[in-house]
Chemist: 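Sharing a structure below in structure tokens format, with a few things to ask.
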Amino acid sequence: MLIVLGIYTVVTKKNLIKTVIGLSLIDYGVNLLIVSVGFNAGGSAPIFTFNEIKPDTFFVDPVPQALTLTSIVIGACVTAMTLSLVIKIKDKYGTIDADKVRRLNG
Amino acid sequence: MMQHYPVLSIIILFLGAFLNALFGGKSSIVRNIITFLSTGTSFLLILLLIKPIMLEGKVISYWMGNWIPVSDWAIGIGLEVDQLSLFFALLVSFTVFLSGIYSFKYMENDDTLDKYYVLYLMLSGGVMGFVLSGDIFNMFVMIEIFTFAAVALTAFRNYIEGALEAAFKYIVIGSIGSSFILAGTTLLYAQLHTLNMAQIAALMHKNYTPITLFSLGLMFTGYAVKSFIVPCHAAAPDAYMTAPSSISMLFSGMVNKAGVYGMIRLLYMLFQSINLPSMQILIIILGTITMFIGVTMALIQNDFKRLLAFHSISQIGYVITGIGLSTALGITGGLYHALNHTLFKGLLFLCAGAVFYSVGTTDLNKLGGLAKKMPHTALIFLIGAFSISGLPPFNGFVSKWLIYQSAYEEGFVIVTIIALLVSVLTLASFIKVTQSVFFGQLSKECENAKEVPIGMRIPMWIMAFMCFITGILPQYVTKYLITPAVSATLNIGKYIDAMLKDGYAEKYFKETVPVPNINYKLAGYWRPEYYLILFIIILLAFTLTVLAGGIDVNRRSIVSKEIEDYKYDTFYSGEKSEYSQVGGADLFWGLKYDFRKYFNFMHSAHSGVVNDYTLWIISTAAIVIAYIFLLVP
Amino acid sequence: MFKKIIEKSFEKSPWLFHINAGSCNACDIEFVATLTPRYDAERFGFKLTGTPRHADIIVVSGPVTEQSKDRVIRTIAQVPNPKVIVALGSCPASGNIFAGSYSVLHTLDYYVPVDVYVPGCSPKPEAIIDGLYKAVEILKNKRRDNK
Amino acid sequence: MLILKYLFYIFVFPGFLFCFFAGLILAGIDRKIVARMQKRIGPPILQPFYDFFKLMGKETIIPNSAAKRTFIAAPVAGLISLVTISLFIPIFKFSAFNAVADVIVIIYLLTIPAVSLIIGGSSSGSPYAGVGISREMVSIVSYELPLIIALLAVGKKAGMAVNDGMVTFSLSKIVEYQSLKGPMLFHWSMIPAFLAMLFVIPCEVGSLPFDIAEAEVEICEGPLVEYSGFPLGIYKLNYALKIFIFSSLFVTLFLSGNGTGIILFDAAIQYVLCIIVVILSVSLIRAVTARLRVEQMLKFYWTYPTALSILSLILVWLGL
């Protein structure tokens with residue numbers, strides 16, 4: 001749902017800041033997807049010291065959680081990058097309306 | 001020691017980036033040495049790898065932080081180098097090394113150069129990691145790194161008119177593409193609980209579940225965005241145009257090759273779609289559309305680098321069609337064209353950079369007559385233009401020819417016709433560039449154009465020489481480089497054995513597809529040595545007739561220009577020969593006028609608004625997924 | 001051996017280039033008439049070319065007016081040697097009826113060394129062909145003496 | 001010893017000298033026939049030789065706005081590729097370099113002379129040449145399409161019978177096919193392709209209705225504006241060679257069969273066939289039509305001949 005919402009904002013909204021928000025929405029949607037993939041019911045958090053592994057304890061799958069960490073970091077950098085670009089565009093083109101910022105076409 | 005070469009080559013590049021950030025600020029010599037050393041060593045390591053992998057066909061697998069697979073279930077991130085990835089790694093490291101040398105001189109009148117080299121090394125490290133990694137999430141991270149560096153480098157010269165806008169579009173489109181890939185990877189993980197490519201390939205053998213099909217669709221679109229296939233190519237021309245030439249050379253040499261590599265891995269390794277006719281048709285349709293639209297758009301451009309950008313999109317169309325054919329000959333053609341494309345497209349971008357460096361503008365209408373001022377660049381540009389349009393003694397011809405042959409054998413007649421037509425149109429647009437940039441009248445701006453310094457010319461000469469060599473000796477290039485890579489793509493048994501333990505793959509794969517070694521007798525390609533002998537002998541004959549006094553050459557009175565003698569003015573039917581350059585926009589007006597409906601439509605289609613581009617990508621994603629669900633099973 | 005062939009070929013394939021230096025077009029039409037089937041100059045190898053660079057014989061028709069003067073000089077200079085200049089009709093030779101006018105100051109030979117004169121206020125095609133033939137003779141010995 | 005044989009091939013028989021004479025005579029015949037059709041006597045058959053040698057004698061002027069090296073190198077490059085093609089065209093089963101010569105290779109080699117004309121023109125730096133170049137390029141684009149489709153049809157047809165259904169591009173296989181089943185022309189499915197190719201010849205060679213690039217009147221010889229003397233002679237030679245080579249390619253594709261054994265005799269037959277083809281396609285149309293405009297040419301070529309060749313491709317595809 002989040003991903004679809006994000007895509008909607010990126011496609012329709014004219015204001016560049018809104019496109020950036022749309023982008024981060026897509027990213028968070030995908031992150032949630034990753035976390036939810038690793039879930040199996042009833043598992044406890046996969047933190048354990050070395051000696052107390054009991055064969056029957058039932059863990060949530062740790063690998064996707066590691067993936068989400070990196071993906072969140074990447075999402076943050078992308079948003080930071082796009083925002084800095086938007087600021088630059090603002091003072092160069094004087095506007096952040098997508099329709100006006102379109103010198104490169106053809 | 002062989003085990004550690006792949007990892008070392010990636011780490012060195014990132015180490016170089018890190019060192020540059022630390023010490024780079026002080027002086028340019030330190031910066032240049034660090035860059036030169038890091039790119040050089042990584043190139044050397046890859047070269048050393050050729051012997052074991054390409055010749056003996058060994059496949060090196062390397063487990064990061066030696067998480068060795070436990071009871072044949074891969075846990076850690078594995079690094080996998082087989083012939084195909086080594087082929088692309090070789091391409092990548094070669095272009096990075098040359099572009100590094102080129103940018104020493106090219107970037108010297110730019111400020112904050114240390115940041116340039118940090119980003120530069122990050123970009124090359126990211127692509128190298130992407131090409132060598134054997135784990136799909138690791139590939140995703142590497143994609144993010146090099147897209148990031150690419151965007152920052154596009155906006156490096158922010159005083160150029162469209163740089164920021166191009167960078168913004170590139171990052172919006174790039175990140176949407178990567179989110180698709182990320183979603184696809186996670187779905188795959190949900191289904192198979194492993195991220196390691198070899199293991200996925202083994203488990204996935206022929207049993208498709210709806211989820212994996214959905215992830216195939218997503219990842220396919222993601223990689224399509226990365227390699228700028230037509231529906232999602234809009235960001236590429238802007239990014240190529242505004243980025244400095246040494247970077248746009250990397251773009252066209254590496255970044256879209258990485259996209260193509262991802263596509264090959266996706267189709268041949270993970271989902272083994274070799275024998276699914278429906279997937280083949282999808283790829284070939286996309287490839288042909290990319291070819292056609294790329295060239296037609298290039299015809300009406302009147303900026304040098306933007307024209308080259310559209311050309312690299314259309315050449316990628318060729319490569320994709322070649323690979324989509326999935327016959328041994330087709331893939332050889334596709335891969336060979338990828339190699340050639342990197343060579344001659346890199347060369348052309350370097351020439352564009354040289355023109356920009358000495359004249360300051362790349363607008364075709366303002367330039368003219370540079371051949372007299374910059375003879376070397378003009379000659380190199382001619383070699384590049386001839387090889388891209390596929391004239392026989394140069395390298396473009398061999399690969400295009402293989403693609404035509406295989407496409408026609410597979411029965412895709414329309415594809416062959418379009419491919420041949422596109423190659424003629426490429427020739428047309430390059431004639432346009434040669435006329436308006438290098439020949440013709442000398443325009444005002446280019447009065448003081450001087451030849452490009454030696455530092456930039458060496459890489460250009462090396463590239464031109466490589467173009468010529470791969471054109472003249474196709475058999476050796478294919479025997480050592482491309483046939484092993486093709487056999488790696490087709491039968492992936494060895495890849496899986498190396499990754500896990502031997503015999504693991506036997507459970508799943510019985511047949512291995514034999515790759516016929518293409519001796520050029522079969523391919524009907526005439527041995528180029530005849531061409532060489534002929535060339536020398538004709539020259540011999542030429543000088544002979546002259547010496548025999550048949551032609552009184554001494555009558556050739558090329559009087560220098562000082563004497564204000566009309567004899568050497570160009571013929572203006574009598575008028576004073578004032579400056580009237582025929583070039584740039586007004587060439588081919590006949591063609592443009594004929595197809596103006598088509599060209600106007602294409603012009604308006606590239607509207608430049610970010611939302612339209614994203615709309616395209618989303619629609620292509622929807623079409624691809626719908627297509628896969630309907631047809632594949 | 002080659003030299004002999006080249007000598008002979010100079011005589012066999014002279015190419016013409018026509019300059020209109022302000023003429024009343026009577027001579028131009030006559031000149032073009034020589035190439036039509038009736039008089040057929042092509043059987044001797046004459047051929048009309050588009051640029052002075054290709055030509056051997058330059059045919060100038062019309063009085064050399066002030067306006068066309070430097071253009072005529074520049075075009076004739078752009079013809080490779082050996083070249084022959086033919087003044088077609090009496091205008092270039094003497095200025096004909098336009099002699100005293102403000103724009104016609106000198107005749108053609110003041111500006112350029114003329115080799116063959118074909119007189120007549122619009123000379124007949126046969127006369128033109130005869131003149132061209134003389135021009136070919138001159139072309140041959142011009143070729144031989146400065147060889 | 002082998003090198004000597006190749007040298008002989010390159011220089012004498014199918015190579016330089018043979019083409020030199022054959023091409024120029026063919027051009028002479030062409031001019032003579034056009035003259036005859038206009039009821040005038042027309043130049044002697046050897047006229048092209050005289051033109052060529054006269055140009056040899058003239059002085060070569062290199063304008064100062066030209067890029068000197070390319071200006072001189074362009075015509076020679078065109079000449080070299082033309083001679084290379086002549087080595088590959090088999091004359092009734094005998095082909096100089098018995099390497100599997102290939103139709104697509106020949107198509108690309110045929111574009112080199114046109115490209116050399118263009119590069120030469122653009123390096124001369126005159127505005128007339130600029131206009132001439134864009135017209136020449138449009139003419140290349142226009143005649144390439146029907147040519148390709150026709151060749152694909154021939155390749156498919158020959159491929160069906162000769163090498164087990166796989167498509168063949170190699171000329172020697174096409175000749176072999178024709179020696180088995182008689183010249184290609186008699187298979188009625190190939191008639192449209194034959195006609196399409198006939199239309200293509202005038203434009204490929206650059207004869208009157210389609211010689212828009214070298215239009216003497218409008219843009220004074222187009223790319224050749226600044227050329228004089230020796231390079232111009234080479235260009236005129238290229239023009240004549242192109243007529244000969246393209247028509248002999250046409251003959252091998254459509255009219256060849258298993259000729260007699262002796263090479264000389266075969267060469268004579270092939271040459272006579274070439275003359276007939278040239279008369280039919282080039283001279284006839286040249287004497288009758290006037291010069292077309294650029295887009296008219298493009299429109300013409302992309303409609304009628306392409307439709308013809310697609311028709312024959314479909315017919316062949318259906319296995320007739």
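All of these numbers come straight from a predicted model, not from anything done at the bench. Throughout, protein chains are lettered first and strands after them, A, B, ... in sequence-line order, and every chain is numbered starting at 1. Note that these values count all heavy atoms, side chains included, but never hydrogens, waters or copies made by symmetry.
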Chemist: Between CD1 of B:I417 and CG of B:L421, what distance do you get to the nearest 0.5 Å?
Modeler: 9.5 Å
Chemist: Check each atom of B:L382 against the heavy atoms of chain D and say whether the ones under 4.5 Å are side chain, backbone, both or neither.
Modeler: side chain
Chemist: Taking all atoms of both residues into account, what is the closest heavy-atom pair of D:N238 and D:P75, and its distance?
Modeler: ND2-O, 3.4 Å
Chemist: Go through the atoms of D:A153 and report whether side chain, backbone, both or neither lie under 4.5 Å from a heavy atom of chain B.
Modeler: backbone
Chemist: With sequence neighbours left out, what residues match B:K400 under salt bridge (charged side-chain N to carboxylate O under 4.0 Å, His left out)?
Modeler: none
Chemist: Could you work out, with ring-ring contact (aromatic ring centres under 6.0 Å, His included) as the rule, every residue matching B:F430, not counting sequence neighbours?
Modeler: B:H311
Chemist: Non-hydrogen atoms of chain B under 4.5 Å away: do they reach the side chain of D:L313, the backbone, both or neither?
Modeler: side chain
